[in-house]
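Accompanying notes for the structure given below.
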Amino acid sequence: MSQDIWINLPVKDVEKSTAFFNAIGFHAVSVGNERAKLAIGQTTILLFPDAAFEKFTGSKTADTSQSAEVIFSIGAESREEVDAFIQKVEFAGGSIFGKPSETDGWMYGAGFADLDGHRWNLLYMDASKMPKR
């Protein structure tokens with residue numbers, strides 16, 4: 001059985017979303033006329049127009065202005081990477097819902113929403129400061 005996973009994400013404008021994700025440092029490319037492929041590490045996220053997404057899922061897309069359907073968490077290499085990434089997000093038109101901060105003395109991260117309101121966070125975890133069990 002194949003272990004590949006593709007995440008399908010509805011967006012209002014595939015071209016604008018592709019440009020946004022490229023501007024923040026991800027690799028997004030158009031695939032055909034109505035979708036794009038976003039690669040983050042070993043994960044593939046396919047961006048589809050809302051109407052196409054609704055057609056193959058058989059349901060309406062979530063209203064991200066009212067609720068969150070998922071949060072994508074991405075690992076960072078350092079606190080500085082988190083800070084620089086969040087600056088790119090702001091410059092590219094995303095919104096920050098969690099400013100960079102430290103949690104529990106060993107995690108440093110920030111949260112943002114993309115152009116369609118999908119929620120993401122970037123986390124740096126300092127393994128040398130993690131509690132021992």
Side-chain angles (χ1 to χ4, degrees):
M1 180 173 173
S2 177
Q3 298 300 310
D4 293 336
I5 295 176
W6 295 276
I7 299 166
N8 298 304
L9 195 62
V11 298
K12 305 259 182 285
D13 186 314
V14 173
E15 284 184 35
K16 285 183 181 178
S17 292
T18 300
F20 170 79
F21 287 114
N22 281 319
I24 66 172
F26 295 154
H27 179 70
V29 295
S30 294
V31 179
N33 294 334
E34 292 194 351
R35 62 183 160 277
K37 177 182 174 183
L38 172 61
I40 304 170
Q42 299 298 316
T43 303
T44 299
I45 298 176
L46 300 173
L47 307 177
F48 287 93
D50 286 342
F53 185 85
E54 290 174 353
K55 185 177 179 181
F56 64 74
T57 62
S59 65
K60 290 288 205 183
T61 59
D63 180 353
T64 57
S65 70
Q66 300 295 315
S67 61
E69 78 280 41
V70 68
I71 189 166
F72 299 98
S73 297
I74 303 166
E77 298 289 323
S78 67
R79 295 169 68 104
E80 294 77 21
E81 182 181 0
V82 171
D83 293 340
F85 188 87
I86 290 302
Q87 286 180 342
K88 288 181 193 176
V89 168
E90 286 183 303
F91 185 74
S95 61
I96 309 305
F97 65 81
K99 294 195 180 290
S101 63
E102 186 173 289
T103 303
D104 297 332
W106 60 278
M107 286 187 294
Y108 184 80
F112 70 95
D114 63 26
L115 301 180
D116 291 281
H118 303 294
R119 295 185 175 257
W120 303 75
N121 68 355
L122 192 67
L123 296 170
Y124 166 65
M125 294 179 263
D126 185 342
S128 70
K129 295 180 180 178
M130 290 177 79
K132 306 287 189 234
R133 291 186 187 198

Close aromatic pair by centroid cut-off 6.0 Å: Phe85 and Trp120: no
Point-to-point distance, once rounded to the nearest 0.5 Å, from CG of Leu9 to CG of Asp114: 6.5 Å
For Ala76 against Val82, the heavy-atom pair lying closest together: CB-CG2, 3.7 Å
Point-to-point distance, once rounded to the nearest 0.5 Å, from NZ of Lys37 to NE2 of His27: 7.5 Å
Residue pair Phe26, Ile45: steps toward the side-chain contact (heavy atoms from CB on, under 4.5 Å) verdict: CA-CA 11 Å; Phe26 295 154; Ile45 298 176; over 6 Å; no
CG-OH distance between Leu123 and Tyr108, expressed to the nearest 0.5 angstrom: 11.5 Å
Residue pair Leu115 / Gly93: nearest heavy atoms and the distance that separates them: CD2-O, 3.7 Å
Minimum heavy-atom distance between Trp106 and Pro131, given as atom pair plus value: NE1-CD, 3.5 Å
Same apolar cluster (I L V M F W Y, side chains within < 4.5 Å links), Met130/Met107: yes
Joint cluster assignment, Phe53 & Trp6, ILVMFWY side-chain distance < 4.5 Å: yes
Distance, nearest 0.5 Å, that separates CD1 of Ile74 from CD of Glu81: 9.5 Å
Single-linkage hydrophobic cluster Ile40~Val14, side-chain heavy atoms < 4.5 angstrom: yes
Val70-Phe112 co-clustered via ILVMFWY side chain contacts under 4.5 Å: yes
Where Val89 and Ser95 come nearest, the two heavy atoms and their spacing: CG1-N, 4.5 Å
Gap between atom CG of Leu47 and atom CG of Leu38 - 0.5 Å precision: 5.5 Å
Heavy atoms from other residues, nucleotides or ligands near CD of Glu15 exceed 12 (cutoff 6.0 Å): no
Heavy-atom donor-acceptor pair, His118 side chain to Glu69 backbone, under 3.5 Å: no
CA sep, side-chain torsions, deciding dist, call: Phe21, Thr18, side-chain contact (heavy atoms from CB on, under 4.5 Å): CA-CA 5 Å; Phe21 287 114; Thr18 300; over 6 Å; no
Closest non-hydrogen atom pair between Lys99 and Ala110, with its separation: C-CB, 4.0 Å
More than 12 heavy atoms of other groups within 6.0 Å of Phe91 CZ: no
Pro10 to Thr61 - nearest heavy-atom pair and separation: CB-CG2, 3.5 Å
Distance, nearest 0.5 Å, that separates OH of Tyr124 from CD of Glu77: 9.0 Å
Derivation of the side-chain hydrogen bond (donor to acceptor under 3.5 Å, both in side chains) call for Ser17 and Asp116: CA-CA 8 Å; Ser17 292; Asp116 291 281; 3.1 Å; yes
Side chain to side chain, Phe72 and Thr43, heavy atoms closer than 4.5 Å: no
Residues Ile96, Glu90; criterion side-chain contact (heavy atoms from CB on, under 4.5 Å); working and verdict: CA-CA 7 Å; Ile96 309 305; Glu90 286 183 303; 3.4 Å; yes
Phe48 and Glu34: CA distance, side-chain angles, deciding distance, side-chain contact (heavy atoms from CB on, under 4.5 Å) verdict: CA-CA 7 Å; Phe48 287 93; Glu34 292 194 351; over 6 Å; no
